[in-house]
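Beneath this line is the structure, given in structure tokens, with notes to follow.
Chain letters run A, B, ... following the sequence lines, proteins first and then strands; every chain starts at 1.
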Amino acid sequence: MAPDGIDGRLAQLIERYVSRCAPELLDAYGLTLTSVEAHKGELPSYSLAGIVGFVGHVNGTLLVGADPPMVVRSHPLRAKQPEMSERMQLDWIGELANQLMGRVKGRLAEHDVDVRFSPPISLAGTRMRHVATPGRTHRSRFASPDGDELSVWVDAEVRSSIVLPDRFFEDLPEVAGIEGELILL
Amino acid sequence: MKKILVVDDSQTVRQLVVEALASSPVEVVQAEDGVDGIEKLSLHPDVAMVITDVNMPRMSGIEMLSQIKREPRHAALPFLVLTTESAPELIREAKRAGARAWLVKPFKAQQLASAVATLAA
């Protein structure tokens with residue numbers, strides 16, 4: 001597919017890899033997610049957020065937003081700790097953002113795109129909303145069978161001084177990640 | 001009983017490691033970043049193995065690994081890196097610093113317990 005400029009191509013890659021990686025990640029924790037159309041202009045609210053910043057060929061921020069029921073249902077210790085503290089929910093949504101960023105980074109690395117990312121921070125609030133920057137913010141929206149929603153916002157840009165690798169523009173066959181694989185060194 | 005030091009800024013991940021090793025004959029010591037990991041190791045010099053995340057506040061897991069390995073008494077201490085990162089250059093960097101294994105999250109409990117049984121033996 002021909003790239004529609006660097007911004008268009010970046011949007012394509014983010015949409016492709018977030019839409020694959022978020023359901024794969026939640027599936028690993030026992031929760032099935034399906035993509036839901038994200039309507040332009042809507043500002044859904046959430047009360048928990050995990051945020052990771054990244055720099056490199058592409059600079060930006062990845063934010064995972066959800067409400068407590070979604071976070072608790074995906075928590076790997078939910079069976080042992082049904083009354084989960086807000087602290088643990090915050091810890092988990094931060095870790096989800098961290099693990100999702102790791103997966104997306106791995107897929108972008110197939111295109112020779114290199115990014116480094118920060119440890120996550122987590123936020124709790126009431127009716128928090130993310131204001132998109134046109135042309136820079138990409139939102140993916142997912143729902144569980146119970147109707148709980150999880151949204152992923154990626155604000156990303158390529159600075160004009162950055163020379164992107166040729167493979168940034170190549171459509172590559174889907175490659176399985178190495179998540180869960182033990183590598184002896 | 002052997003001591004295993006687990007270094008991760010996520011309390012959930014540390015608890016998952018504790019759960020995964022619950023049936024193993026080990027005692028788990030926890031630290032929340034690389035600086036804390038070095039401090040905990042000085043308090044527990046008999047640690048038999050370290051499981052560490054990479055991307056943490058204050059000090060990364062690979063920086064912690066490099067610092068610990070500079071001490072002759074810890075030169076043979078096995079490290080398993082448990083992380084979201086899968087970049088080949090980072091894995092090579094960890095290997096050069098002395099890591100013995102690399103596992104990308106999410107992990108299976110049995111897999112981690114087997115790796116600990118092998119590396120901490």
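Heavy atoms of other residues, nucleotides or ligands lying less than 6.0 angstrom from CG of B:D46 number more than 12. Atom NZ of B:K69 sits in a crowded spot, with more than 12 heavy atoms from other residues, nucleotides or ligands closer than 6.0 Å. At most 12 heavy atoms of other shown residues, nucleotides or ligands fall within 6.0 angstrom of atom CD in A:E15.
Interface summary for chain A: among B:V104, B:L82, B:T83, B:V54, the most heavy-atom pairs under 4.5 angstrom belong to B:V104. Interface remark: of the candidates A:M101, A:Q81, A:M88, A:R87, A:M88 forms the most heavy-atom pairs closer than 4.5 Å to chain B. No other option in B:L103, B:L80, B:L119, B:T84 has as many heavy-atom pairs under 4.5 Å with chain A as B:T84. Contact count against chain B (heavy-atom pairs under 4.5 Å) is highest for A:S118 among A:P120, A:G94, A:S118.
Hydrophobic clustering (ILVMFWY, side-chain heavy atoms < 4.5 Å, transitive): A:L150 and A:V71 are in one cluster. At a threshold of 4.5 Å between side-chain heavy atoms, the hydrophobic network of Ile, Leu, Val, Met, Phe, Trp and Tyr places B:L16 and A:M84 in one connected group. Linking Ile, Leu, Val, Met, Phe, Trp and Tyr residues whenever their side-chain heavy atoms come within less than 4.5 Å places B:V35 and B:M64 in a single cluster. Transitive grouping of hydrophobic side chains (ILVMFWY, heavy atoms separated by less than 4.5 Å) brings A:V52 and A:F54 into a common cluster.
Rounded to the nearest 0.5 Å, atoms CG (A:N98) and CG (B:N55) are 6.0 Å apart. Distance check: A:D114 CG to B:E89 CD gives 5.5 Å after rounding to the nearest 0.5 Å. A distance of 15.5 Å separates CZ in B:R100 from CD1 in A:I183, rounded to the nearest 0.5 Å. Put simply, CG on A:L77 and CD on B:Q11 are 9.5 Å apart, with the number rounded to the nearest 0.5 Å. Note that CG of A:L182 and CG of B:L112 are 8.5 Å apart. Values are rounded to the nearest 0.5 Å. The line from OG1 of B:T12 to CD1 of A:I93 is 11.5 Å long, rounded to the nearest 0.5 Å.
A salt bridge links A:K105 with B:E85: at least one charged nitrogen is closer than 4.0 Å to a carboxylate oxygen.
For a residue to count as touching a neighbouring chain, one of its non-hydrogen atoms must lie under 4.5 Å from one of that chain's; by this rule A:R116 does not touch chain B. For A:F117, the parts lying under 4.5 angstrom from a heavy atom of chain B are both the backbone and the side chain. Of the atoms belonging to A:E95, it is side-chain heavy atoms, and not backbone ones, that fall under 4.5 Å from chain B. For B:K108, no part lies near chain A; criterion is any non-hydrogen pair under 4.5 Å.
The ring pair (Phe, Tyr, Trp, His ring centres under 6.0 Å) search around B:F107 returns none, not counting sequence neighbours.
In this structure a side-chain-to-backbone donor-acceptor pair under 3.5 Å is present from B:Q111 to A:G180. At distances below 3.5 Å, not a single donor-acceptor pair connects side-chain atoms of B:D9 with backbone N or O atoms of A:P119.
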